[in-house]
Amino acid sequence: MTDYTNTNISDQAIKKMLDNYFEVMHKQDMNLFDTVFHKDCALYSAQTGEISLRPYLVYRDVVANRKSPFDTGNTRRDKVLMFDQISPTLAVVRVQLEMFGGVMQDYLNIVFIDGRWMILAKMWERVGDSVD
């Protein structure tokens with residue numbers, strides 16, 4: 001169950017998209033992946049001191065071809081840490097999840113397009129180690 005205690009998200013469609021995001025990250029359901037990530041999205045990180053950019057198709061391939069956190073026995077501890085809705089069609093969300101022995105935090109830029117909320121850009125960073 002996702003922890004929303006630190007946020008006030010009234011739009012149930014945004015909550016549903018975030019719940020689906022956490023499900024995708026934990027179980028790697030690729031059909032769900034395609035409803036959460038916009039086909040033109042990109043993922044960014046600078047953990048190695050250099051910018052890492054993964055376009056949608058590259059990231060989709062990575063997720064589809066790795067063992068899921070669910071399959072490796074990862075405990076699920078999803079949190080929404082911050083939410084800011086800029087307009088009726090644009091928002092930013094800071095989330096935290098655990099996978100592959102690490103605690104990850106992501107900034108998700110989400111957009112309402114084609115009748116639903118989707119991730120248009122994701123910046124991510126490992127911020128610690130899992131307690132398991």
Side-chain angles (χ1 to χ4, degrees):
M1 180 98 157
T2 302
D3 179 354
Y4 286 96
T5 4
N6 295 324
T7 59
N8 185 18
I9 303 173
S10 58
D11 188 327
Q12 294 304 309
I14 292 174
K15 280 187 166 181
K16 178 66 175 163
M17 189 278 302
L18 290 170
D19 290 339
N20 287 344
Y21 170 73
F22 288 123
E23 184 71 7
V24 165
M25 299 310 295
H26 190 68
K27 291 190 177 172
Q28 298 175 195
D29 177 334
M30 299 315 291
N31 291 321
L32 202 52
F33 182 99
D34 295 331
T35 69
V36 170
F37 289 94
H38 189 274
K39 65 177 179 57
D40 294 322
C41 79
L43 287 79
Y44 303 89
S45 180
Q47 292 189 111
T48 62
E50 293 186 27
I51 297 294
S52 167
L53 167 64
R54 291 182 181 166
Y56 172 84
L57 289 176
V58 171
Y59 186 56
R60 190 181 193 290
D61 187 58
V62 167
V63 172
N65 290 297
R66 70 182 180 199
K67 195 169 187 179
S68 76
F70 174 79
D71 289 334
T72 61
N74 250 122
T75 301
R76 210 168 145 176
R77 294 182 189 94
D78 309 330
K79 294 181 184 176
V80 178
L81 303 172
M82 183 273 299
F83 173 74
D84 185 17
Q85 188 160 357
I86 300 161
S87 73
T89 60
L90 189 63
V92 64
V93 188
R94 181 174 163 207
V95 299
Q96 180 172 295
L97 61 152
E98 294 185 26
M99 55 194 302
F100 308 122
V103 176
M104 309 298 185
Q105 287 189 4
D106 307 332
Y107 280 96
L108 306 174
N109 292 326
I110 62 172
V111 62
F112 188 79
I113 192 158
D114 298 330
R116 68 177 189 247
W117 287 95
M118 300 182 81
I119 297 169
L120 191 59
K122 172 181 169 176
M123 292 191 330
W124 62 277
E125 188 82 23
R126 182 180 174 140
V127 296
D129 297 327
S130 295
V131 293
D132 292 339

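These numbers come from a predicted model, not from an experiment.
- The backbone N or O of Arg126 sits less than 3.5 Å from a side-chain atom of Gln47, completing a donor-acceptor pair.
- From Leu97, atom CG reaches atom NZ of Lys79 across 11.5 Å, with rounding to the nearest 0.5 Å.
- A donor-acceptor pair under 3.5 Å is absent between the side-chain atoms of Asp106 and the main chain of Leu108, judged by distance alone.
- Put simply, the side chain of Asn74 gets close to the backbone of Phe100: a donor and an acceptor are under 3.5 Å apart.
- Proximity of Gln28 to Phe70: side-chain heavy atoms (C-beta onward) are nowhere separated by under 4.5 Å.
- In this structure, the separation between OG1 on Thr72 and NE2 on His26 is 8.0 Å, given to the nearest 0.5 Å.
- Minimum heavy-atom separation, Val103 to Ser130: CG2-N, 4.0 Å.
- Cluster membership for Tyr44 and Leu90, using ILVMFWY side-chain heavy atoms within less than 4.5 angstrom, is not shared.
- Hydrophobic clustering of Ile, Leu, Val, Met, Phe, Trp and Tyr side chains at less than 4.5 Å, counting indirect connections, unites Met30 with Phe37.
- Taking CE from Met118 and SG from Cys41, the interatomic distance works out to 8.0 Å, rounded to the nearest 0.5 Å.
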Steps toward side-chain contact (heavy atoms from CB on, under 4.5 Å) verdict (Arg77, Val131): CA-CA 11 Å; Arg77 294 182 189 94; Val131 293; 3.5 Å; yes
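- A donor-acceptor contact shorter than 3.5 Å links the side chain of Tyr4 to the backbone of Lys15.
- The 12-atom threshold is not exceeded at OH of Tyr107, counting heavy atoms of other residues, nucleotides or ligands nearer than 6.0 Å.
- Using a 4.0 Å cut-off between charged side-chain N and carboxylate O, Glu23 and Lys16 make no salt bridge.
- Hydrophobic cluster membership is shared by Tyr21 and Val63, with clusters built from Ile, Leu, Val, Met, Phe, Trp and Tyr side chains linked at under 4.5 angstrom.
- Under a hydrophobic-cluster definition in which Ile, Leu, Val, Met, Phe, Trp and Tyr are linked whenever side-chain heavy atoms come within less than 4.5 Å, directly or via other members, Ile113 and Leu120 are assigned to the same cluster.
- Distance CD1/Ile110 to NE2/His38: 13.5 Å, rounded to 0.5 Å.
- Aromatic ring pairs are classed by plane angle as parallel below 30°, tilted from 30° to 60° and perpendicular above 60°; the pair Tyr56 and Phe33 is tilted.
- Note on Val127 and Val92: separate hydrophobic clusters, where clusters join Ile, Leu, Val, Met, Phe, Trp and Tyr whose side-chain heavy atoms are under 4.5 Å apart, directly or indirectly.
- Using a 4.5 Å heavy-atom cutoff, the side chains of Val95 and Phe22 are in contact.
- Heavy atoms only, all atoms of each residue included: Ile119 and Met17 are closest at CG1-SD, 4.0 Å.
- Residues Thr2 and Leu18 fail the side-chain proximity criterion, which asks for heavy atoms closer than 4.5 Å.
- Within a 6.0 Å radius of CE in Met99, other residues, nucleotides and ligands contribute more than 12 heavy atoms.
- Ser45 and Glu125 get closest at one heavy-atom pair: OG-OE1, 4.1 Å.
- The distance from the CD atom of Gln85 to the CZ atom of Phe112 is 10.5 Å, given to the nearest 0.5 Å.
- Considering every non-hydrogen atom in both Asp29 and Val24, the closest pair reads O-CG2, 4.0 Å.
- Taking every heavy atom of both residues into account, Asp19 and Arg76 meet most closely at O-NH2, 4.1 Å.
- Closest heavy-atom contact between Ala91 and Trp117: N-CZ3, 4.1 Å.
- The CZ atom of Phe83 lies 4.0 Å from the CD1 atom of Ile14; values are rounded to the nearest 0.5 Å.
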